[in-house]
Amino acid sequence: MTRAAITGWGKCMPPAVLSNHDLATFLDTDDAWIAQRTGIRERRITHVLGSELSYVAARRALACAALAASDLDLVVYGSCSAEEAVPNTASGLQYKLGAWRAGAMDVNTACTSFLYGLSSAAGMIATGTIRSALVVGVETISPFLDWDNRGVAVLFGDGCAAVVLQAAEHDDEGLLADKLGCYADSRQILRVRGHGTTYGNRGISYGDTLWDFDGQEIFKRAVHGMSEAAADVLVRAGRAPADVHLVVPHQANLRIIEFVAKRAGIPMDRVFLTVHKYGNMSAATVPVALVEALEAGAVPPRALMLMPAFGAGLTWCAHLLRFGERVTPLDAADVELPPCERTALQMVNELRARKETRGRSAAGLVSPVFPETQVVLAGGTGVA
Ligand code: COA
């Protein structure tokens with residue numbers, strides 16, 4: 001079987017920083033509560049579209065692999081904040097990159113979208129359908145975040161990273177094992193209402209979102225799913241926790257990561273963390289942390305990497321991957337985002353004001369979990 005190896009990587013983080021103190025200017029919260037309960041100190045707010053973040057990250061990843069966009073066979077856009085449902089966002093990225101020969105698909109499994117995309121592309125490399133792929137993990141969550149709900153507004157941020165996948169040179173290299181799962185009986189405990197076709201004909205404007213979010217239940221199920229998946233891939237690849245050089249987990253909450261590491265039998269000094277500075281970037285979290293680990297020199301040649309994650313659905317997964325000898329870029333790309341003229345707090349206050357001006361067209365939506373329903377959605381709650 002041909003394994004898929006990561007041969008290129010690049011990230012693109014929006015520059016505007018929103019601190020816990022910024023959040024406390026409009027929410028009943030404080031830095032101490034957020035830091036203690038989640039480990040998060042700040043997060044990024046984007047001033048550009050996800051496809052623009054993706055373009056920069058993709059160019060950097062392609063340069064790192066010294067691969068021309070025209071040689072790509074597939075572009076995967078992993079995100080739950082795609083710009084359009086039709087056409088998909090991957091096709092826009094394919095066009096912008098000039099990846100003319102590539103197929104293009106969006107993958108949405110919420111926070112696990114990058115890793116589910118990685119599995120899809122790696123599977124196609126294994127069967128010989130494609131030889132190379134660009135897999136992007138990107139989230140521009142700020143436009144549809146429920147900014148006046150302190151239970152969710154403090155947790156999330158925007159970001160993007162991309163990897164290039166190509167056939168591995170050796171058998172014991174590349175993606176060694178992956179496990180995908182979903183607790184669909186819990187899909188109602190993390191739901192962004194007002195975002196999707198169910199709501200389209202009910203006079204609810206895009207962006208008028210309310211989040212159903214049962215933090216404690218998500219916490220428990222996240223620890224369970226990530227731990228189960230991590231144990232599964234280690235057993236199937238015939239590796240022990242002690243063989244793992246670095247864990248690059250989904251980063252929604254520092255305490256979740258600590259539980260998962262403990263259950264996996266891997267000390268925290270072998271876990272790469274970004275949660276303090278970026279919060280939960282959904283699909284972008286794992287690839288951004290992976291790129292930063294490589295940039296920091298924390299990934300030795302032939303490193304064995306474990307990447308467990310979970311997201312709405314509730315989807316969960318883990319990937320066990322061995323790097324090759326090369327853990328440094330072959331080249332760099334000369335590409336930057338346009339400058340950001342506003343502060344993160346200004347942008348967030350604009351988003352809040354816009355929602356206020358429109359009036360709550362989602363007025364029938366009552367937060368938090370779980371209001372009486374008029375239209376029942378599969379898995380539980382509904383919308384007026
Ligand atoms: N600032 C200050 N206080 C807050 C707050 C905030 N941002 N959010 C909630 N509180 C309050 C609650 O109202 C509650 O007050 P009460 O005791 O007076 O009722 C108290 O803090 C404790 O709330 P609780 O929900 O029990 O806190 P917690 O320890 O479970 O932490 C989360 C909440 C959301 C941080 C935690 O459950 C979590 O991280 N869950 C996982 C969610 C997640 O990762 N989702 C992403 C999926 S990809």
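Worth knowing before you read on, the calculation uses all heavy atoms, side chains too, and leaves out hydrogens, waters and symmetry mates. As the structure lists them, so they are numbered: ligands from 1, and atoms in each ligand from 1.
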Check your understanding: Is Gly215 close to ligand 1, meaning an N/O of one under 3.5 Å from an N/O of the other?
Key -> yes
Check your understanding: Can you check whether a protein heavy atom sits less than 4.0 angstrom from atom 44 (O) of ligand 1?
Key -> yes
**Study point:** ring-ring contact (aromatic ring centres under 6.0 Å, His included) partners for Phe310, two or more places apart
**Key:** His250
Check your understanding: Please state which protein non-hydrogen atom is closest to atom 26 (O) of ligand 1 and give its distance, to 0.1 Å?
Key -> Gln216 NE2, 2.6 Å
Check your understanding: With a cutoff of under 4.5 Å between side-chain heavy atoms, which Ile, Leu, Val, Met, Phe, Trp and Tyr residues group with Leu49?
Key -> none
Point to revise | The one among Phe213, Trp33, Trp316 that brings a heavy atom closest to atom 21 (O) of ligand 1 | key: Trp33
Check your understanding: Which is closest to atom 13 (O) of ligand 1 in terms of heavy atoms, Lys220, Arg37, Gln36, Arg150?
Key -> Arg150
Review point. For ligand 1, which atoms, with element, lie under 4.0 Å from some heavy atom of His250?
Key: 48 (S)
Review point. Side-chain contact, heavy-atom cut-off 4.5 Å: Phe323 with Leu294?
Key: yes
Exercise for review: Indicate the atoms forming the closest heavy-atom contact of Gly313 with Cys182, along with that distance.
Suggested key: O-SG, 3.6 Å
Revision key, fill the gap. For Val163 and Leu290, the nearest pair of non-hydrogen atoms, with its separation, is CG1-CD2, 4.3 Å
Check your understanding: Would a 4.5 Å heavy-atom cut-off, applied to side chains only, mark Val247 and Val244 as touching?
Key -> yes
Exercise for review: Mark whether atom 17 (O) of ligand 1 lies under 4.0 angstrom from at least one protein heavy atom.
Suggested key: no
**Study point:** Sub-4.0 Å atoms of ligand 1 with respect to non-hydrogen atoms of Val154
**Key:** 7 (N)
Check your understanding: Considering only protein heavy atoms, which is closest to atom 46 (C) of ligand 1, and at what distance to one decimal place?
Key -> Asn280 ND2, 3.5 Å
Point to revise | Nearest-contact summary for atom 31 (O) of ligand 1 - protein heavy atom, Å | key: Arg255 NH2, 3.6 Å
Review point. At their closest point, which heavy atom of Ser79 faces which heavy atom of Val138, and how far apart are they?
Key: OG-O, 2.8 Å
Review point. Under 4.5 Å between any side-chain heavy atoms of Arg60 and Cys12, yes or no?
Key: yes
Exercise for review: Pull out every atom of ligand 1 sitting under 4.0 Å from any heavy atom of Ala252, numbered as shown with elements.
Suggested key: 44 (O)
Review point. Under a heavy-atom criterion of less than 4.0 Å, does Ile34 contact ligand 1?
Key: no
Study note, to complete from the structure: ligand 1 atoms nearer than 4.0 angstrom to some heavy atom of Thr38 are 35 (C)
Review point. Quick one: which ligand 1 atoms are inside 4.0 Å of a heavy atom on Leu190?
Key: 47 (C)
Point to revise | Distance flag, aromatic centroids of Trp211 and Phe156, threshold under 6.0 Å | key: yes
Check your understanding: Any idea which part of Asp30 is under 4.0 Å from ligand 1, heavy-atom wise: side chain, backbone, both or neither?
Key -> neither
Revision key, fill the gap. One should read off an interatomic distance between Leu53 CG and Glu139 CD, to the nearest 0.5 angstrom, of 11.0 Å
Check your understanding: About how many Å separate CG of Leu320 and CE of Met305, when rounded to the nearest 0.5 Å?
Key -> 10.0 Å
Check your understanding: Does Thr29, backbone or side chain, put an N or O under 3.5 Å from an N or O of ligand 1?
Key -> yes
Review point. Are any of the N/O atoms in Asn253 less than 3.5 Å from those in ligand 1?
Key: yes
Point to revise | Shortest protein heavy-atom distance from atom 48 (S) of ligand 1, along with the residue and atom involved | key: Cys111 SG, 3.0 Å
